[in-house]
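Here's the structure, in structure tokens; my notes come after.
Below, chains carry the letters A, B, ... as their sequence lines are ordered, and counting in each starts from 1.
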2 protein chains.
Amino acid sequence: MMRRMAAPPINPREGAGLTEALQYRLVIADDHPLFRGALREAVAGLLEQVDIAEAGTYDELVELLERNGDVDLVLLDLAMPGVRGFSGLMYMRAQYPGVPVIVVSANDDPAAIRRCMDFGASGFIPKTLGVDAMRTAISRILGGDVWTPPDVDLTGEADAASAELMARMATLTPQQVRVLMMLSEGLLNKQIAFQLGVSEATVKAHVSAILQKLGVESRTQAVIAAAKIEAGQWPQGIAAEG
Amino acid sequence: MMRRMAAPPINPREGAGLTEALQYRLVIADDHPLFRGALREAVAGLLEQVDIAEAGTYDELVELLERNGDVDLVLLDLAMPGVRGFSGLMYMRAQYPGVPVIVVSANDDPAAIRRCMDFGASGFIPKTLGVDAMRTAISRILGGDVWTPPDVDLTGEADAASAELMARMATLTPQQVRVLMMLSEGLLNKQIAFQLGVSEATVKAHVSAILQKLGVESRTQAVIAAAKIEAGQWPQGIAAEG
DNA sequence: ACCCCTATTCGACTTTCGACGAATCTCGCA
DNA sequence: TGCGAGATTCGTCGAAAGTCGAATAGGGGT
């Protein structure tokens, strides 16, 4: 898959050396003050000369960028007031194409990560990362690399788990689909049989086929699987952020 | 509206004074190491004698509580690996009814907050809170108060449908909650019996009680109901968290 | 002490579920 | 026309689920 917007190179103060007496400017944009502080400390321990600004809302971030355009790096949390999902990143990339953005997120869903990279982020750092790992990641990115969590296969499938399920679902026959939907309503075999106008034994046969095709072992697990697909329609972690 | 499970009083080392030479024990359960650290610092500056343990997963939290039952307070993030939404809180309140729990969450939806309180949390602290506000909140809660963000109207009603269900859920005994959560994982009675170390007949009795209390007629319908509570909590802001 | 209520446990019995085998039917293809 | 694959249908039988009654144990209240 192609990157849709190329991530800008991170070369603060073009023409100067990379490691010595630079005054890095970076902005931490996150609506959790405590986390902002922790992140600031983590970064401060990494770089000598660094000017870190904090933004708690997207408006603050924009204001900072307006007033001081030459920022070397933005650490952006996608879940900020005034921004939903990727809008913030998209807006950033559109308005300030020259400013590298690292997405710092509580969401570590591979699909979300890949989408961030597609939108031109210079890196993705999950909040679940430890301090040390986070530092090395940031320094790698500052060095020009593109860093993402190691276990993320950017070329891989969006969601292997649910894709697998979807594939299995697709093998269901029409009648089996009807039965599965009735299962998901909590109906008994007997009730399903009546509604479909067939015998209970037939329903049982359909249920058996469904269980086999979905790779589960009970009607309850089948219902759980079906529910996951329903919920899974929304890209990622509905019930994730807490 | 009544609190359906009373939050336990926070009076560590009963019989001793409240403010002097107490050794508070508390656990910070959050899957973001950086945030855990920041939260630890915030609390450490608040209390003199305090023993803070950290847990990055729900299993770690359980292990800590198992090994050291007399914990004075748990700061719990609802979005941890191994827990979905309120399950973690419900399970905590079922397994360790005597341990006060403060929910620390990035989600500041009033409905979610109220539901946390309904499930017996001793307080709710949004991650968007500043350090100072967070400290005063925690100290208030340690003092026995119930603290929630000021703008939350705890007296308001949730949507009638799920409120009904919530009320029914709250009548479940601790053991019944455990069984219900295992039902929601698609386990057989036999498997549940083994994990709980009781006979299968006992599990059946619990299931029967659950069905009656939830007003449903089969285990399948029970897990559907439970899933609705979990899912219904995040009505919109679907793709919000990034 | 007593009683009452609830939680938790369990065994016996009935109902439902689910696997297995098999029959019928449909449809596409040779 | 005949043939074969898959969908749909059904009966049977062992296993799982669920109901009922009951025993035990702890916790308030009087």
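Among the atoms of the strands shown, base atoms are found under 4.0 Å from some heavy atom of A:Ser208.
In terms of phosphate contacts, A:Thr202 brings no side-chain nitrogen or oxygen within less than 4.0 Å of OP1 or OP2 of D:dT8.
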Distances under 3.5 Å between nitrogen or oxygen atoms of protein and nucleotides 22-26 of chain D:
none

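Checked against side-chain contact (heavy atoms from CB on, under 4.5 Å), B:Leu196 has the following partners two or more places apart in sequence or in another chain: B:Gln175, B:Arg178, B:Val179, B:Met182, B:Ile192, B:Val198. Among residues two or more places apart in sequence or in another chain, the salt bridge (charged side-chain N to carboxylate O under 4.0 Å, His left out) test is passed with B:Arg140 by B:Asp145. Listed by chain and residue number, A:Gln191 satisfy the side-chain contact (heavy atoms from CB on, under 4.5 Å) test with A:Leu188 (two or more places apart in sequence, or in another chain). Here B:Arg36 pairs with B:Ile28, B:Asp30, B:Pro33, B:Glu54 under the side-chain contact (heavy atoms from CB on, under 4.5 Å) rule; sequence neighbours left out. When the side-chain contact (heavy atoms from CB on, under 4.5 Å) test is applied to B:Met134, the partners found at least two apart in sequence or on another chain are A:Leu34, B:Leu39, B:Ile125, B:Leu129.
Atom OG1 in B:Thr148 sits 11.0 Å away from atom CZ in B:Arg114 (nearest 0.5 Å).
For A:Leu172 and D:dA7, the CG to P distance is 10 Å, given to the nearest whole Å. Between A:Glu200 atom CD and D:dT8 atom P the separation is 19 Å, expressed in whole Å. Summarising the geometry, the separation between NZ on A:Lys204 and P on D:dG11 is reported as 10 Å, rounded to the nearest angstrom.
Within residues 181-192 of chain A, the residues that have a heavy atom under 4.0 Å from DNA chain C are, in order of number, A:Leu188, A:Asn189, A:Lys190. Using a 4.0 Å cut-off on heavy atoms, the residues of residues 210-222 of chain A that approach DNA chain C are A:Leu211, A:Ser218, A:Arg219, listed by number.
Under the side-chain hydrogen bond (donor to acceptor under 3.5 Å, both in side chains) criterion, the residue pairs touching residues 210-224 of chain B are B:Gln176-B:Lys213, B:Asn189-B:Arg219, with sequence neighbours excluded.
In the 5' to 3' direction, nucleotides of DNA chain C lying under 4.0 Å from heavy atoms of chain B begin and end at C:dA7 to C:dG11.
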